[in-house]
Amino acid sequence: MRVLVLGKGGREHALVWKLSQSKLVEELFSAPGNPGMEEVSKTFNFKDFEDLKEKLLKNRVDLVVVGPEEYLVKGVRDYLESFGIKVFGPDKKTAQLEGSKAFAKEFMRKYSIPTAQYEVFEDFEGAKSFVESKGAPIVIKADGLAGGKGVKVCFKKEEAISFLEDLMLKGKFGDSGKRVVIEEYLEGEEASYIVMAKGELYLPLPTSQDHKRLFDGDRGPNTGGMGAYSPTPVIDQQTEKRIREEIVERTLKGLLREGLTYLGFLYAGLMITKEGPKVLEFNVRLGDPEAQPLLCRIDSDLLEAILNLMEEKKTELKVKRDWALDLVLASKGYPEKPQVGKEIRGVEEVKREGIMVFYAGVKREGGKLLTAGGRVLNLCALGKTLKEARDKVYRAVEKIHFEGMHYRRDIGLRAFKYL
Ligand code: AMP
Ligand code: GLY
């Protein structure tokens, strides 16, 4: 089978690395890829969907596995399938589950999927008086995709109103912010639950926990994610059962009732509250960085699992008992204005020590590795205990250098109070 991974981040590097171990792969490609993905697959760039399609046909690619949501929300599956290319990822309509928060919330309300109470607004005055009446804490979310920056948890009314102004009057996120969802603030511990699904059939992946804020102690702005570990004790067996029944199964069945057959990775971003798990958001893809530790723990052939699922054959995943921890190394200025073009040193040494290094914003120039984005590298390790995995990663990070490198020092620490 000839397979291509679409994307260029740490998640896609982990995906292509995992797929490269499959006995069913004849040739592996990635687009646009990055220097890490280049080591395990043939990479090529593309201008638009049409150009991508031409290159996929030329290389006789049978299956495309999609990393980021943007392509899915823009309908990459619908487009490529019309040329006979199989895609693992939802179609454009189903991708609204991530592409429109209002769509996701209305869907959850309709199918009794536990989530924060909310209202949707398209007029600023209406939104403002709702905030005035509810008070803080309150959560404001831009309806459309905003690269993780369209959500603000507000502890003061004024903060909420000023964010509403940014979104609805000043057009900070363009069309994405014209419509807003205003939500009840949920208290609890966040966790990620990801499955691979086709219609009602699904295969749970191991549980994980991300760290979304930029600084230690969950302070600072929201980011795409600064580190993750798997499994997370925040999701115990009983909670997992509830997540499967009340969230995953209701979602997949509800979509079918809407005439939508899910295909791909489905990610529920959860708040584990006193009353039980509630959905903060759905993503129609793997999490980044959750995918990195999670894929490191999977022993089964991932491509075989994907293909079985696509043919609606029951299949199981073998998962290592080990813990895995992934640390993101980011550029100075991330997430607002990352500095780029800094030389990266120490990667080869760390790899020799058995640490997985997944590349994100990295480019190769004249034999050197340079930073080329906000999140630069992921260091990921397995251990018999969480402490062991953590220690390996934090020892390794001492050997990596680039100017302005920033990382959190507390990835995984939250788990210890449950262990
Ligand atoms: P989202 O993109 O909707 O997952 O929101 C980004 C982040 O904002 C989440 O990871 C949470 O940390 C926080 N958040 C979102 N919704 C809520 C909520 N209703 N209550 C508390 N925190 C929230
Ligand atoms: N790590 C969070 C996300 O991928 O959305």
Side-chain angles (χ1 to χ4, degrees), residues 5 9-23 36-37 39-40 67 191-196 203-211 225-237 240 265 267 286-305 316-329 346-360 375-400 407-419:
V5 172
R11 163 184 53 205
E12 289 76 23
H13 187 185
L15 254 175
V16 84
W17 162 80
K18 183 67 201 162
L19 289 171
S20 73
Q21 298 159 9
S22 169
K23 59 181 189 305
M37 296 168 80
E39 289 170 14
V40 280
S192 305
Y193 197 76
I194 308 176
V195 302
M196 297 162 59
L203 204 55
L205 297 178
T207 63
S208 56
Q209 187 175 46
D210 185 17
H211 297 65
M226 295 300 293
Y229 67 92
S230 170
T232 177
V234 169
I235 299 180
D236 57 22
Q237 258 185 358
E240 180 161 9
F265 297 102
Y267 164 140
L286 280 167
D288 186 348
E290 290 95 324
Q292 291 83 313
L294 201 149
L295 291 170
C296 284
R297 292 186 60 226
I298 292 177
D299 263 335
S300 309
D301 183 325
L302 182 67
L303 181 58
E304 192 176 8
E316 278 186 12
L317 281 182
K318 272 205 219 97
V319 176
K320 286 188 179 52
R321 298 177 71 99
D322 302 41
W323 294 74
L325 186 131
D326 180 272
L327 176 68
V328 172
L329 311 185
V347 170
E348 289 310 319
E349 188 185 345
V350 161
K351 278 198 215 162
R352 277 197 297 276
E353 289 170 9
I355 304 291
M356 300 297 314
V357 182
F358 295 119
Y359 294 30
R375 292 190 289 181
V376 177
L377 293 173
N378 293 261
L379 304 185
C380 191
L382 290 167
K384 293 282 166 244
T385 60
L386 179 60
K387 183 175 180 310
E388 188 186 320
R390 221 184 103 74
D391 287 349
K392 281 189 195 170
V393 164
Y394 279 98
R395 266 201 306 272
V397 74
E398 296 295 323
K399 300 184 176 136
I400 305 271
Y407 60 90
R408 277 181 61 161
R409 284 155 212 272
D410 64 346
I411 303 301
L413 283 187
R414 284 212 302 263
F416 288 101
K417 65 173 185 271
Y418 299 86
L419 296 175

(request) Taking the side chain as every heavy atom from C-beta outward, state whether E240 and Y193 have any atom pair closer than 4.5 Å. (result) yes
(request) Could you check if a side-chain atom of L413 sits within less than 4.5 angstrom of a side-chain atom of R390, using non-hydrogen atoms only? (result) yes
(request) Work out which heavy atom in A305 is nearest to a heavy atom in L203; give both atom names and the distance. (result) CB-CD2, 4.1 Å
(message) Can a donor-acceptor pair be found, under 3.5 Å and without considering hydrogens, that links the side chain of E12 to the backbone of G9?
(response) yes
(request) Determine the minimum heavy-atom distance between K320 and I298, stating which atoms define it. (result) NZ-O, 4.4 Å
(request) Determine whether more than 12 heavy atoms belonging to other residues, nucleotides or ligands lie under 6.0 Å from atom NZ of K384. (result) no
(request) Could you point out which residue of S192, S230, S208 forms a side-chain hydrogen bond (donor to acceptor under 3.5 Å, both in side chains) with E290? (result) S192
(request) Hey, could you give me the OH/CZ distance between Y229 and R297, rounded to the nearest 0.5 Å? (result) 11.5 Å
(request) Measure across Y267 and L286 and return the closest heavy-atom pair with its distance rounded to 0.1 Å. (result) CD1-C, 4.1 Å
(request) Kindly determine whether V357 and I400 satisfy side chain to side chain contact (heavy atoms under 4.5 Å, CB included), including the steps that lead there. (result) CA-CA 11 Å; V357 182; I400 305 271; 5.5 Å; no
(message) With rounding to the nearest 0.5 angstrom, report the CH2 to NZ distance, W323 to K392.
(response) 14.5 Å
(request) Go through L377 and Y359 one step at a time and tell me if the side chain to side chain contact (heavy atoms under 4.5 Å, CB included) criterion holds. (result) CA-CA 5 Å; L377 293 173; Y359 294 30; 4.0 Å; yes
(message) Nearest 0.5 Å, please: how far is CE in M37 from NE2 in H13?
(response) 7.5 Å
(message) I'd like to know if E304 pairs up with K23 as an ion pair, taking the criterion as any Lys NZ or Arg NE/NH1/NH2 lying under 4.0 Å from an Asp or Glu carboxylate oxygen.
(response) yes
(request) Would you please classify the geometry between the Y394 ring and the Y407 ring as parallel, tilted or perpendicular, with 30° and 60° separating the classes? (result) tilted
(request) Taking R375 for its side chain and D288 for its backbone only, find out whether a donor-acceptor pair lies under 3.5 Å. (result) yes
(message) For F358, is there any backbone N or O sitting under 3.5 Å from a side-chain donor or acceptor partner on N378?
(response) yes
(message) Using 0.5 Å steps for rounding, measure from the OG atom of S300 to the NZ atom of K18.
(response) 7.0 Å
(message) Can you tell me how far apart OG1 (T232) and CG (L386) are? Round to the nearest 0.5 Å.
(response) 9.0 Å
(request) Specify the closest pair of heavy atoms between D326 and P293, including all atoms of both residues, with the distance to one decimal. (result) CB-CD, 3.5 Å
(message) Using side chain to side chain contact (heavy atoms under 4.5 Å, CB included), reason through L19 and V40 one step at a time and then give a plain yes or no.
(response) CA-CA 9 Å; L19 289 171; V40 280; over 6 Å; no
(message) Whether the side chain of H211 engages the backbone of M226 through a donor-acceptor N/O pair (distance < 3.5 Å, no angle test) should be reported.
(response) no
(request) Return the minimal non-hydrogen interatomic distance between P289 and G225, and the atom names on each side. (result) CD-CA, 3.8 Å
(request) State whether E353 and K399 are salt-bridged, where the test is any N-O pair (Lys NZ or Arg NE/NH1/NH2 against Asp/Glu carboxylate O) under 4.0 Å. (result) yes
(request) Provide the closest heavy-atom pair for I355 versus A381 in the form atom of the first, atom of the second, distance. (result) CD1-CB, 4.0 Å
(request) Would you check, one step at a time, whether the test side chain to side chain contact (heavy atoms under 4.5 Å, CB included) holds for F416 with K387? (result) CA-CA 9 Å; F416 288 101; K387 183 175 180 310; 4.3 Å; yes
(request) Using a strict 4.0 Å threshold on nitrogen-to-oxygen distance, state whether E348 and K351 make a salt bridge. (result) yes
(message) If I take atom CG from residue L325 and atom CD1 from residue I411, how far apart are they, to the nearest 0.5 angstrom?
(response) 7.0 Å
